Amino acid sequence: MKEKLEAIKNAAKEAVSAAFDEKEIEELRVKYLGKKGELTAILKQMGSLSPEERPKMGQMVNEAKAQLEELIGKKAKELKNAATELKLKAETIDITMPAKVKKVGKLHPLNTVLNDMIDIFQSMGFDVLDGPEVETDHYNFECLNVPADHPARDMQDTFYLGTNLLLRTQTSAAQIRTMETRKPPIRVICPGRVFRADEVDATHSPVFHQIEGLVVDKGITMCDLKGVLEQFAREIYGPDTKVKFRPSFFPFTEPSVEVDVTCSECGGKGCRVCKGSGWIEILGAGMVHPNVLKSCGIDPDVYSGFAFGIGLDRLTTTRYKISDIRLLFENDKRFLDQF
Ligand code: DAH
């Protein structure tokens, strides 16, 4: 029995010293010291010993038990400390590491300029409306007094989606929709995308942006048109900006003008951006043609109005000195990050 005890002790010591983690050491404690453990089993066999041997053997078993308890306790503590250390190491934060920079989204330059324009017109009492990008021939051309043989109606210039449906070539279509649903006094702008079958180059894109404006009321004259558009140009380009109104032609306005501002790049001296002229064209405008008012059920003998169409892309490229319109549509982050 003594030898058996010795063998158990040795095996236990060996197993304890080899134990790898807290779970294993707990299993060893149960195996040797538990109620059904090996040492307890020996104690149970003591009945077969002679009365003299019994106390000796009892003492030896108790000593072995105490030894093993101490050994297991020590090892358990060691393993626990090692595990804690390992955990701490894994969770260590290196406060000298550079922080992760959170990328914050920002407005596209087109939106920044659009928002500025909306602010300017809203401060003059204009409402902001939306119109559909898929339009009918009726709204995009017919009601705008664009004759059937006008070149803009050609397949070469317009994206047709069917015989009567098309992608709007101008936000002017929104004028008609507005006059059909609102009665004068009308003061609205309608920003949006427009589409033309243009070849892509540094100044042309098949998709671009316009802001349409419409004012209809009693007694509206060309002076109102000039006042509003001059005010707009000075707010966008600065108070010293000169504004020039050139006679022009649009089927839906009479008289019609095109509006130029002093080139923001050279201040009017002439440069590459303004092609040496010192001026940049920013919009088309005019007094709403009586036929257009009539087609919307507004009596041109009682009411008059003016309309304008501003190119948002041109305004943005000149403001930020962007040399190629394509940059606005490619959405290259390296480009957009500069704004
Ligand atoms: N729709 C014209 C274009 O796309 C721009 C324009 C000119 C709009 C005169 C107007 C206007 O409202 O009165 O070129």
Side-chain angles (χ1 to χ4, degrees), residues 117 121 124 126-133 135 137-147 150-154 156-159 166-180 182 186-198 203-217 220-230 232-233 243-261 280-293 295-296 298 300 303-315 325:
M117 293 171 76
F121 283 112
M124 293 195 251
F126 284 71
D127 285 344
V128 183
L129 296 185
D130 211 4
E133 290 177 351
E135 263 300 0
D137 183 273
H138 176 79
Y139 285 105
N140 194 81
F141 294 128
E142 190 88 31
C143 293
L144 284 163
N145 207 28
V146 180
H150 194 282
R153 288 194 160 194
D154 201 282
Q156 305 286 317
D157 297 298
T158 301
F159 291 113
L166 46 85
L167 293 179
R168 68 175 171 195
T169 61
Q170 49 186 355
T171 43
S172 304
Q175 288 185 30
I176 309 301
R177 290 188 176 272
T178 304
M179 287 188 277
E180 276 184 358
R182 296 187 174 206
I186 292 170
R187 228 182 295 168
V188 295
I189 56 167
C190 172
R193 285 198 295 185
V194 297
F195 309 83
R196 285 184 204 173
D198 272 336
T203 52
H204 293 87
S205 160
V207 185
F208 56 103
H209 302 81
Q210 290 184 334
I211 289 114
E212 192 73 16
L214 177 70
V215 173
V216 182
D217 202 352
I220 297 291
T221 69
M222 195 84 181
C223 287
D224 297 302
L225 177 156
K226 275 191 79 183
V228 166
L229 295 178
E230 265 173 9
F232 162 74
V243 185
K244 184 165 77 174
F245 291 79
R246 274 185 293 110
S248 185
F249 172 79
F250 298 103
F252 34 87
T253 46
E254 180 58 35
S256 305
V257 289
E258 277 174 309
V259 177
D260 299 342
V261 293
I280 293 178
E281 183 198 321
I282 56 162
L283 61 90
M287 300 306 292
V288 182
H289 197 291
N291 286 353
V292 176
L293 292 174
S295 75
C296 300
I298 294 177
Y303 293 102
S304 56
F306 69 87
F308 53 90
I310 307 173
L312 175 62
D313 312 86
R314 169 73 71 87
L315 228 65
I325 193 179

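Counting starts at 1 for both ligands and their atoms, in listed order. This is a predicted model, so every value here is computed, not measured.
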Would you say the side-chain atoms of Q170 and Q210 include a donor-acceptor pair closer than 3.5 Å?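 No donor-acceptor contact under 3.5 Å links the two side chains.
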Taking L144 as the fixed residue, which of I176, T253, V288, N291 is the one that meets the side chain to side chain contact (heavy atoms under 4.5 Å, CB included) rule?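 For L144, the side chain to side chain contact (heavy atoms under 4.5 Å, CB included) test succeeds with only one of I176, T253, V288, N291, which is I176.
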Apply the test salt bridge (charged side-chain N to carboxylate O under 4.0 Å, His left out) to residues R153 and D137: give CA-CA distance (whole Å), side-chain angles for both, the deciding distance (0.1 Å), then the verdict. CA-CA 9 Å; R153 288 194 160 194; D137 183 273; 3.3 Å; yes
Establish, yes or no, whether a centroid distance under 6.0 Å links the rings of F121 and F308.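 Ring centres of F308 and F121 closer than 6.0 Å.
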Geometric cation-pi criterion R196 and F208, 6.0 Å radius, 45° cone: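 Negative - R196 is either too far from the ring of F208 or too far off its axis.
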Polar pairs, ligand 1 vs protein, N/O only, below 3.5 Å.
{"from": "ligand 1", "atom 1": "1 (N)", "to": "Q170", "atom 2": "OE1", "distance (Å)": "2.8"}
{"from": "ligand 1", "atom 1": "1 (N)", "to": "S172", "atom 2": "OG", "distance (Å)": "3.0"}
{"from": "ligand 1", "atom 1": "4 (O)", "to": "R196", "atom 2": "NH2", "distance (Å)": "2.7"}
{"from": "ligand 1", "atom 1": "4 (O)", "to": "Q210", "atom 2": "NE2", "distance (Å)": "2.8"}
{"from": "ligand 1", "atom 1": "12 (O)", "to": "Q175", "atom 2": "NE2", "distance (Å)": "3.0"}
{"from": "ligand 1", "atom 1": "12 (O)", "to": "E212", "atom 2": "OE2", "distance (Å)": "2.5"}
{"from": "ligand 1", "atom 1": "12 (O)", "to": "F308", "atom 2": "N", "distance (Å)": "3.3"}
{"from": "ligand 1", "atom 1": "12 (O)", "to": "F308", "atom 2": "O", "distance (Å)": "3.4"}
{"from": "ligand 1", "atom 1": "13 (O)", "to": "A307", "atom 2": "O", "distance (Å)": "3.1"}

May I ask you to test the F126-V215 pair for a side-chain heavy-atom distance under 4.5 Å?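 Sidechains of V215 and F126: in contact.
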